[in-house]
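Sequence positions, counted from 1, serve as the residue numbers for this chain.
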Amino acid sequence: MDPITTVMRQCRLFDGIPEEKYQNVLACLRGETKSFRKDAILLQIGECQKRPGVVMDGTLRISLYSEDGNLVTIERLGRGQVFGETLVCSMAEDSPIQIDALTDVQVLYLDFDPLLLQQECACPHKAQVTANLLREMGRGALFLNQKMRILAQNRLRNRIKLYLQMLPAKPGGELHLDMGRGELADYLCVDRSALSRELGRMQKEGILAFQGKQVSILDQSFLSV
């Protein structure tokens, strides 16, 4: 199967659009694929995001710098996820975030002008893409609200709990961390050594157990309280 078709099937921006019409939508939105090597910066703080994109392959990181100059991870994006849509729709001139590649990545860039500027567009699925875009932006706002709730917690253990509550549970009840220990510390805005100590205490207390990025919740009441 064509890789663009595969990623469009996974991307919620194209929900409700028949697969045989994907090319019409891509023509309307002037889709263009680009590849970036690991550690490449796709958007720097202060730059203007001209086109949103969809991750076709690899992993992107959205981050910003704290007042003390540390790079803080806001979100990681994988295949089928959209980035830059809020910046483009708000017509922001100066980006407050940085987007860089954690791995080699391939991106499908789009042009939202036909959606935002009421340009002539022969694609009959324009309204569906616009509705999907609004839903994606709503999900993004919800994610940021959850992140703000995490950072509002004074206790590190509560920050860990709220983060774990956001992760989808596997059939056996296990959770899979989507970032390493260092990135998780950045995401929670805490010192890495403090995070390691707290996780060690939680393991000794029988609350959870770690094996790599797999987390088993031994005390189910921990996440329900």
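- A donor-acceptor pair under 3.5 Å is formed between the side chain of Glu47 and the backbone N or O of Gln44.
- Between the side chains of Ser216 and Glu174, at least one donor N or O lies within less than 3.5 Å of an accepting N or O.
- Using a distance-only test at 3.5 Å, with no hydrogens or angles considered, no donor-acceptor pair links the side chain of Arg76 to the main chain of Thr59.
- Counting only heavy atoms from C-beta outward, the side chains of Gln146 and Arg149 never approach each other to under 4.5 Å.
- Annotation: cation-pi pair Arg181/Phe210 present, NZ/CZ under 6.0 Å from the ring centroid and within 45° of its normal.
- When side chains are defined from C-beta on, Asp57 does not count as touching Val105, because their heavy atoms never get closer than 4.5 Å.
- Considering only heavy atoms from C-beta on, Leu60 stays 4.5 Å or farther from Asp100 through its side chain.
- With respect to Arg61 and Glu75, no salt bridge is recorded, no charged nitrogen being found less than 4.0 Å from a carboxylate O.
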Ignoring hydrogens and angles, write down the donor-acceptor pairs under 3.5 Å from the side chains of residues 128-137, residues two or more places apart or on other chains.
unit_1: Gln128; atom_1: NE2; unit_2: Asp15; atom_2: O; d: 3.3
unit_1: Gln128; atom_1: NE2; unit_2: Asn132; atom_2: OD1; d: 3.0
unit_1: Thr130; atom_1: OG1; unit_2: Lys126; atom_2: O; d: 2.9
unit_1: Asn132; atom_1: OD1; unit_2: Arg135; atom_2: NH2; d: 2.4
unit_1: Asn132; atom_1: ND2; unit_2: Leu13; atom_2: O; d: 2.9
unit_1: Asn132; atom_1: ND2; unit_2: Asp15; atom_2: O; d: 2.8
unit_1: Asn132; atom_1: ND2; unit_2: Gln128; atom_2: O; d: 3.3
unit_1: Glu136; atom_1: OE2; unit_2: Arg12; atom_2: NE; d: 3.2
unit_1: Glu136; atom_1: OE2; unit_2: Arg139; atom_2: NH1; d: 2.5

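- The nearest pair of heavy atoms linking Leu102 to Glu183 is CD1-OE2, 3.6 Å.
- Contact of the Pro52 side chain with the Phe83 side chain is not registered, since no non-hydrogen atoms from C-beta on lie closer than 4.5 Å.
- With hydrogens and angles ignored, the 3.5 Å screen pairs no side-chain donor or acceptor of Ser95 with any backbone N or O of Gly46.
- For the salt bridge (Lys or Arg N to Asp or Glu O under 4.0 Å) condition, the pairs that include at least one residue of residues 201-222, sequence neighbours left out, are Arg157-Glu205, Glu198-Arg201.
- A donor-acceptor pair under 3.5 Å is formed between the side chain of Gln220 and the backbone N or O of Ile217.
- Residues that satisfy the salt bridge (Lys or Arg N to Asp or Glu O under 4.0 Å) test with Arg155, not counting sequence neighbours, are absent from this structure.
- Phe143 is listed as a side-chain neighbour of Ile74, based on a closest heavy-atom distance under 4.5 Å.
- We find that Asp111 and Arg51 are not joined by a salt bridge, their nearest charged nitrogen and carboxylate oxygen being 4.0 Å or further apart.
- Residues Glu19 and Thr5 have side chains in contact (heavy-atom distance under 4.5 Å, counting atoms from C-beta outward).
- Crowding of Glu20 atom CD: a count of heavy atoms from other residues, nucleotides or ligands under 6.0 Å exceeding 12.
- Under the 4.5 Å side-chain criterion, counting only non-hydrogen atoms from C-beta, Val107 is not in contact with Thr33.
- The shortest distance between side-chain heavy atoms of Leu108 and Lys34 does not fall below 4.5 Å.
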